[in-house]
2 protein chains.
Amino acid sequence: MKEGPDIALIGSLIGDPARANMLTALMGGQALTPTELAAHAGITLQTASSHLAKLEAGGLLTQRKQGRHRYYALAEDEVGLMLESLMGFAASRGLTRHRPGPKDPALRKARVCYNHLAGDYGVRLLDSLIAARQIEVTGEDLALTDAGRDRIEALGIDYPALQKSRRPICRTCLDWSERRSHLAGSLGEALLRLFIDKGWAKREQNSRAIRFTDRGEKAFLELFPL
Amino acid sequence: MKEGPDIALIGSLIGDPARANMLTALMGGQALTPTELAAHAGITLQTASSHLAKLEAGGLLTQRKQGRHRYYALAEDEVGLMLESLMGFAASRGLTRHRPGPKDPALRKARVCYNHLAGDYGVRLLDSLIAARQIEVTGEDLALTDAGRDRIEALGIDYPALQKSRRPICRTCLDWSERRSHLAGSLGEALLRLFIDKGWAKREQNSRAIRFTDRGEKAFLELFPL
DNA sequence: CGGATGCTTCGACTACGATCGAAGCATGAA
DNA sequence: TTCATGCTTCGATCGTAGTCGAAGCATCCG
């Protein structure tokens with residue numbers, strides 16, 4: 001009857017509080033088991049299982065069996081982008097579930113957005129790469145320049161491997177705290193993994209916050225000046 | 001309990017089919033009355049009234065009383081951006097409510113996105129302005145250059161008036177058909193109005209499609225080359 | 001002042017979906 | 001094999017939210 005895509009289905013999937021909690025938890029980027037997700041949402045395992053089946057059918061999640069565990073994760077980058085967009089609007093309406101606590105500043109400084117770095121540091125990363133002409137901007141699209149390729153290979157990132165994947169290498173993602181873009185895509189993912197592998201930064205348990213070590217923070221700020 | 005903004009409330013507002021239909025209708029950019037919106041959603045006036053109250057309370061809509069009519073419209077640009085993001089994902093999942101009909105190509109070519117031009121022509125507009133260095137890109141942010149200001153004033157747009165509004169003048173909006181950015185913000189709105197005022201383009205009734213006249217199409221393509 | 005139109009509020013009905021206990025499957029460990 | 005763990009399926013219950021008819025306000029017109 002009406003034109004355009006069916007947003008009601010997606011909306012209703014996100015609209016249930018239990019499911020929204022699970023999706024928020026998965027924005028942390030790690031794949032989680034039904035048991036863990038049930039705890040996040042505050043429901044029993046049976047209920048969680050039913051929700052997860054719906055989210056998977058709706059294309060928001062994928063699952064991977066591993067032994068007797070089942071790991072659920074966001075299906076694609078685009079799901080993360082969409083959720084951040086919703087969060088941005090909800091935050092602008094002042095619709096936060098918790099009173100801003102001590103963790104809030106840490107979240108604004110650096111957090112994980114599905115699989116890449118977000119927050120103040122995430123925005124700085126992209127801005128710095130653009131300023132150094134290692135990433136080029138055309139409208140919404142980002143492209144790695146030749147200089148950019150040399151740069152990330154020097155950092156120890158396997159560029160051919162990035163190219164192989166079907167996903168875009170560079171991609172913008174709107175930040176709900178900064179209201180600016182940060183770097184997503186397979187490069188964004190690879191860079192975050194690099195920071196963690198080098199011991200510069202750590203994920204906090206049960207939170208999206210990323211904590212930089214003193215050494216890591218210094219190295220990051222030097223490598224990506226404004 | 002959980003960190004981050006509350007997306008469930010927003011999701012549940014969008015999640016009801018009747019409300020989703022009304023929001024989709026309002027993406028056409030025109031303010032509509034409860035009676036019209038009820039027709040779009042296929043429900044009675046009483047039900048529509050209740051839905052509209054909820055959408056307004058949730059910050060998605062604003063209303064303006066005018067005589068004995070009440071006009072509802074999307075509350076801010078950001079609502080439109082968020083909805084387009086949802087539509088983009090829904091479309092990528094193949095979740096379209098209608099089988100792609102004859103109107104579909106027209107929608108992809110040029111349509112209104114809340115209050116600005118979207119589709120192929122919308123993307124071309126932004127690309128052309130960027131190529132002519134009349135708009136500058138930094139990350140997600142767009143800025144009008146001096147050359148750009150001269151250009152739009154030459155077109156007959158009142159630049160000081162744009163400046164006065166609190167909204168950003170330039171802004172990107174992700175296009176669900178093109179998967180690229182087009183120009184939103186008060187300038188995007190002013191340009192669409194300009195095209196319509198000049199008689200170059202017309203909104204189609206009960207649709208988001210924009211139909212360019214032959215003369216208007218020629219003028220548009222000349223003014224904004226790739 | 002009626003009378004008509006546009007919309008909201010109230011109340012009652014209904015249906016759908018979230019929830020959980022219990023039982024059923026699968027996988028891995030002993 | 002037997003037991004334990006992790007998860008799904010089934011079935012029943014319960015709330016809540018969408019729906020509409022009827023009545024109540026507000027605004028405009030003649």
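Letters A, B, ... are given to chains in the order of the sequence lines, protein chains preceding strands, and every chain is numbered from 1. Values in this document were obtained by computation on a predicted structure and should not be read as measured data.
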- Message: I'd like to check B:L26 versus B:L37 (side-chain heavy atoms, cut-off strictly below 4.5 Å). Are they in contact?
- Response: yes

For [X], which residues count as a salt bridge (Lys or Arg N to Asp or Glu O under 4.0 Å) partner, sequence neighbours excluded?
X      : value
A:E189 : A:R167
A:R211 : A:E204
B:R193 : none

- Sequence neighbours left out, what passes ring pair (Phe, Tyr, Trp, His ring centres under 6.0 Å) with B:H51? Give chain and number order. none

- In chain order, what residues pass the ring pair (Phe, Tyr, Trp, His ring centres under 6.0 Å) check against A:Y121, with sequence neighbours excluded? A:F212, A:F220

In whole angstrom, give the distance that lies between atom [atom1] of [X] and atom [atom2] of [N].
X     : N      : atom1 : atom2 : result
B:L37 : C:dG6  : CG    : P     : 14 Å
B:K65 : D:dC28 : NZ    : C1'   : 12 Å
B:L55 : C:dT8  : CG    : P     : 12 Å
B:R70 : C:dT5  : CZ    : P     : 19 Å
B:H69 : D:dT27 : NE2   : P     : 13 Å
B:L13 : D:dG18 : CG    : C1'   : 14 Å

- Task: Check every strand shown and say whether A:Y71 touches a base, only sugar-phosphate, or nothing at a heavy-atom separation below 4.0 Å.
- Result: nothing

- Message: Treating primed atoms plus P, OP1 and OP2 as sugar-phosphate and everything else as base, which nucleotides of nucleotides 12-25 of chain C get B, S or - for protein heavy atoms under 4.0 Å?
- Response: ------SSBBB---

